[in-house]
Structures are given as C-alpha cells and as structure tokens.
Amino acid sequence: MRTPPHWRDRRQNTQLAARKCGGCGFVSFPERQRICKRCGRREDWVDVTLQRHGVVQSYVIQRTLPDEFETPLPFAVVDLPQDGDSGGDPGRVYGILTETDPTDLEIGTRVVADFRRMYDVDGVPIHSFKFSIPRGDR
Amino acid sequence: MTREAAVVGAGIADFGTLYHRSTDDLIEEVYLAAVDSVDRGLDRSAIETGWFGTFDIAGDATSGLGLAHPTGLFDIPITRVENACATGSTAFRNAVLEVKSGAADVAVVVGVEKMHDDPEGLIGRTVRKQLWRRRGMSMPAFFGLRAQRHMHEYGTTREQIAAVSVKNHENGSKYPHAHQQFTCDVEEVLASPTVSDPLTLYDCCPVTDGAAAVVVAAEDVVEAYTDNPVWVAGSGLSSDSALRNNDSLVGFPATQHAAEDAYAEAGIEPSDLDVAEVHDCFTITELITYEDLGLCERGAGGEFVEEGRSHLDGEVPVNPSGGLLSKGHPIGATGVAQIVEIYEQLRGEAGPVQVADDPGVGLQHNIGLGRNATGSVSCVNVLTSDPPT
C-alpha cells in the first residue's frame with residue numbers, strides 16, 4: 001500500500017467533491033475520468049459537491065475481517081444528494097460507519113459523513129469520510 | 001463465425017485443501033485426464049493451441065509457460081487469461097473463438113488455482129489493499145449488500161437465501177470431486193458463524209485448490225475424436241460498474257448482457273435450458289443469477305429455490321455438481337470445472353448427480369468482482385448435445 005492513490009483522491013475523500021455529466025446528469029464519485037460511465041459522452045462535466053447527509057440504500061455488518069480491522073464493522077451504500085440540489089441524481093457513495101450500533105441501521109436510515117482519520121500508510125495519516133447516524137436521530 | 005466447435009474431452013481433479021500438491025501437479029493431472037478421456041484418443045501433436053486460466057494466487061504461473069511446462073506443450077501458442085472469477089470461462093470462450101475462427105482445429109483449456117499457496121491469502125490481501133480503497137470492505141460485504149437490498153425490495157426471506165446452500169451441499173455430497181461433502185439444513189446455515197451480516201459461513205464458498213481441463217475441436221475434425229461431442233452454441237462476456245448508479249444492488253447487468261448475447265447466438269430462450277452450472281460464490285449470488293439469466297422473474301429468485309425448481313429433480317437443475325458452495329472455488333479452475341460438468345451432463349455421464357430425461361441444453365456462468373469491488377465481469381456459455389443449426 002502506497003500513498004499516491006490517497007493523495008490523488010484527496011479532494012473527493014475530504015471534500016466530497018464529485019462531478020455531474022452535462023449529458024445525462026450522472027454523478028461520478030470518486031472517479032474523475034473524462035468519459036461518462038452512463039452515457040459515454042466525454043469532456044462535459046460540472047463540478048458538484050455532495051451533501052454530508054444521505055440515505056442508506058443497503059448495508060452489511062462485517063463481523064469477520066483480517067485482524068487489523070475492528071469488528072463489527074458496518075459498511076453501507078449511501079446516496080448523497082448534490083449540494084443545493086434541485087432534484088438531480090444523488091452521488092452513490094460506499095463507506096464504513098463509525099460509532100454506530102448495528103441494530104440502529106436499516107435501509108432508509110439517514111446518515112451523515114464526517115471527516116475522520118482512516119489509517120496510516122507508512123506513517124502518513126490518511127483522512128477521509130466515515131458515516132454515522134446523526135446524534136439527534138439516535 | 002466460419003464453423004462450429006465442440007468439447008470432445010474433459011478432466012477434473014478432486015478439489016480440496018491440497019497442500020501436498022503443486023500447481024504443476026494439478027495441471028498435469030487434469031491435462032492427462034482430459035486428453036485420455038477423448039473417446040477415440042487424442043495425439044499430442046494434434047493440439048494446436050492452449051488457453052490457460054489462472055488468477056495466479058500462488059505466484060508460480062504468470063504466463064503461458066505455466067501451462068507449457070507441466071504438459072510439455074512448448075511448441076504451440078499458449079495464452080494465459082485472467083478475468084477475475086470469470087477467468088476459467090473466459091479462457092474457454094477464447095479457445096472456442098480461436099477454433100471457430102479457423103486458426104486452430106484442436107485447443108486445450110486448463111484452469112488451475114492453488115488458493116492455499118499464498119500465506120496471506122487472496123481474501124485477506126484484497127480486503128487490506130484493494131477493496132474499496134482499503135476501508136475493509138470484503139467480498140462477503142459486496143454480496144451481502146445485495147442480499148440485504150433484495151430482501152428489502154422483494155420480500156425475499158433469509159431462509160430462501162439459505163435454501164441455496166442446502167441444495168448445493170445436498171448435490172455436492174453426491175459429487176465425487178467436491179471439496180465440502182456434507183449436507184446441512186436451513187437452521188444450520190442460519191446458525192453458522194456470521195461473516196458479513198446477513199451472510200453466514202455456510203452462505204460463503206470455501207477456499208479451495210483445484211484444476212480442470214477440456215479439449216475443444218472444430219466441426220471439421222470432431223468425428224476423429226468422438227460420436228458424442230458437446231457443442232458450444234453460444235457465448236457472452238460483459239462488464240459492469242456499480243458506480244454507474246444502475247440497478248446493480250439487486251441484479252448484475254453484466255450477467256444479463258452476457259446471457260442475452262449467449263442466448264441470441266445459440267438461438268435459445270432461458271426456458272430451453274435443461275441444466276445450469278452458475279456462479280454461487282455466495283448463496284445470494286445464485287439467487288440473483290436465476291433472475292439475471294431469466295430462469296424466473298426479477299424478484300422471484302427466493303421462491304424459485306424454495307419451491308425446488310432449481311433442485312436436481314426440478315425444472316432447471318442448477319449446480320448439480322454442488323456449485324462453488326460445496327465443490328469449491330479455485331478461481332482459475334472454477335469456470336472450466338463447470339464446463340466439465342455440463343459436458344458430462346449432456347453426455348449422460350454425470351453419475352450420481354445426473355439430471356434426468358437426457359438434458360440437451362446446458363449453461364455455464366461466472367461472475368467476478370473487479371476494480372476495487374465496484375464492478376463485475378460475467379461470462380456465459382451455452383452448450384448443446386445437438387449441433388447448432
């Protein structure tokens with residue numbers, strides 16, 4: 001494991017920076033290539049930021065993982081609307097949950113992305129988002 | 001295509017935890033078994049091309065030399081294929097395409113994987129370094145997400161998902177080459193240790209070493225080898241990314257597209273299938289695959305297995321060999337082993353797991369994860385006992 005992949009993705013990981021296709025409205029996150037994965041159009045992107053609050057589309061509670069991961073480790077697919085959204089596609093974001101009681105988690109649960117330290121790579125801390133259920137909702 | 005191609009020989013090793021056997025040992029065994037199985041014999045000099053499927057987890061078979069070395073086939077073109085869990089079926093597909101193209105009359109296809117020869121293990125290594133940017137997402141999580149969503153959208157029950165494991169272990173207990181030859185019931189599946197909730201241990205395929213091989217011949221020369229060939233009537237290969245925001249949480253578009261192409265080439269409908277070997281790396285994978293292949297309506301996979309329609313005596317027996325769940329999933333070998341089983345089924349040589357009433361149309365399917373578990377690749381092959389028209 002090396003640091004460059006994390007350095008390249010830093011804006012996406014730390015600012016939820018995404019892009020919207022001008023052709024079909026597809027929201028690409030975290031990929032930032034030129035070709036739209038949905039409609040095939042290229043070079044037609046608008047920068048958008050995703051909202052921190054979104055809705056769980058599906059989830060698992062991982063209980064068996066290599067030793068360095070704390071278990072149970074919930075993992076979810078979350079749809080995050082675009083900032084200032086006027087009804088366009090949400091970004092579909094995969095992420096782990098922290099400080100979450102697995103029994104509180106359901107499809108449809110509202111979660112929030114917070115900026116956290118994920119792990120170190122060769123002593124370099126890697127920061128990104130983790131999801132949790134907002135305090136008021138628990 | 002300029003001409004048809006058929007399978008005329010097949011060989012498989014007993015799958016298992018094979019610390020005492022090397023990659024070369026396994027390749028040699030299945031290559032010789034496939035060649036020796038050809039009804040009228042196959043002279044080594046007739047083999048014009050080799051296709052070699054391996055993920056190379058053991059790290060000792062990176063190129064075509066991995067197949068040339070243990071077989072002595074040094075003087076022919078050999079291509080190594082890696083295509084995630086569709087490695088074996090993609091190697092087979094490419095061999096068929098080469099034979100159909102006229103470039104070669106006879107091809108050998110060998111798939112192999114020594115899953116136990118990597119001390120860190122594929123699963124652990126992938127979870128740590130690759131899957132979804134090192135967040136600890138595992139393969140059981142990728143498929144567990146789909147199980148959870150399928151239950152939510154279609155009312156599929158946990159018991160219906162477990163029924164896939166019960167069926168495949170029942171079949172595998174009768175299949176001589178299967179790794180895990182035990183039977184279980186729904187309660188035992190639910191009570192087994194949780195891996196990635198909702199999936200438990202018996203929802204997951206084991207870690208297995210194994211190899212399998214087949215011989216493919218062109219229609220021009222097939223009579224020299226057998227009166228009972230199994231024809232390759234159609235094939236499809238497709239990819240998909242979950243980052244396209246499609247319906248990939250409850251289905252696999254890659255499988256749907258691959259199946260569509262294979263059915264169109266073969267000129268068949270899903271209802272024509274008599275037997276299928278499909279990718280059941282996890283129980284939910286097989287359940288969703290029923291739907292993707294058109295064996296039942298979208299959302300009806302749970303009832304399909306619960307009603308016994310995919311059982312050995314059902315309308316479309318699925319995974320008579322026990323599938324990946326019981327037989328095992330040595331990645332590069334898996335797809336080739338499925339072809340071996342369909343070949344034996346269509347020739348009526350499948351022994352204790354033989355499907356009744358002379359099956360004439362069989363399907364083989366793999367789906368694999370790629371790209372940090374954001375995408376999938378699927379290969380579908382359709383085989384028939386009658387020559388394609």
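Residue numbers start from 1 in every chain, and the chains themselves are labelled A, B, ... in the order their sequence lines are given, proteins ahead of strands.
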Can B/Val195 and A/Arg63 be said to form a side chain to side chain contact (heavy atoms under 4.5 Å, CB included), step by step? CA-CA 5 Å; B/Val195 176; A/Arg63 294 186 187 275; over 6 Å; no
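- In plain terms, the two heavy atoms of A/Gln57 and B/Arg149 that are nearest each other are O-NH1, 2.7 Å.
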Given side chain to side chain contact (heavy atoms under 4.5 Å, CB included), test B/Leu249 with A/Arg92 step by step and report yes or no. CA-CA 11 Å; B/Leu249 279 179; A/Arg92 178 154 288 181; 3.7 Å; yes
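- Enclosure of atom CD in B/Glu297 is not indicated, since only 12 or fewer non-hydrogen atoms of other residues, nucleotides or ligands lie within 6.0 angstrom.
- Side chain of A/Thr64 to backbone of B/Thr194: a donor-acceptor contact under 3.5 angstrom is found.
- Within 6.0 Å of CD in A/Glu70 there are 12 or fewer heavy atoms belonging to other residues, nucleotides or ligands.
- Across all their heavy atoms, A/Val60 and B/Gly144 have their closest contact at CG1-C, 3.2 Å.
- Around atom NZ of A/Lys20, no more than 12 heavy atoms belonging to other residues, nucleotides or ligands sit under 6.0 Å away.
- Here the closest non-hydrogen pair linking A/Phe75 and B/Leu145 is O-CD2, 3.8 Å.
- Of the listed residues B/Ala147, B/Ala141, B/Pro193, the one with more heavy-atom pairs under 4.5 angstrom with chain A than any other is B/Ala141.
- The closest donor-acceptor contact from the side chain of A/Gln62 to the backbone of B/Asp197 lies at 3.5 Å or more, if one exists at all.
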Verify side chain to side chain contact (heavy atoms under 4.5 Å, CB included) between B/Ser196 and A/Ile61, making sure each step is shown before the conclusion. CA-CA 5 Å; B/Ser196 214; A/Ile61 313 297; over 6 Å; no
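- Within 6.0 Å of atom CG in A/Asp47, more than 12 heavy atoms from other residues, nucleotides or ligands are found, so the atom counts as buried in its surroundings.
- When the shell of 6.0 Å around CZ of A/Arg116 is examined, it contains more than 12 heavy atoms from other residues, nucleotides or ligands.
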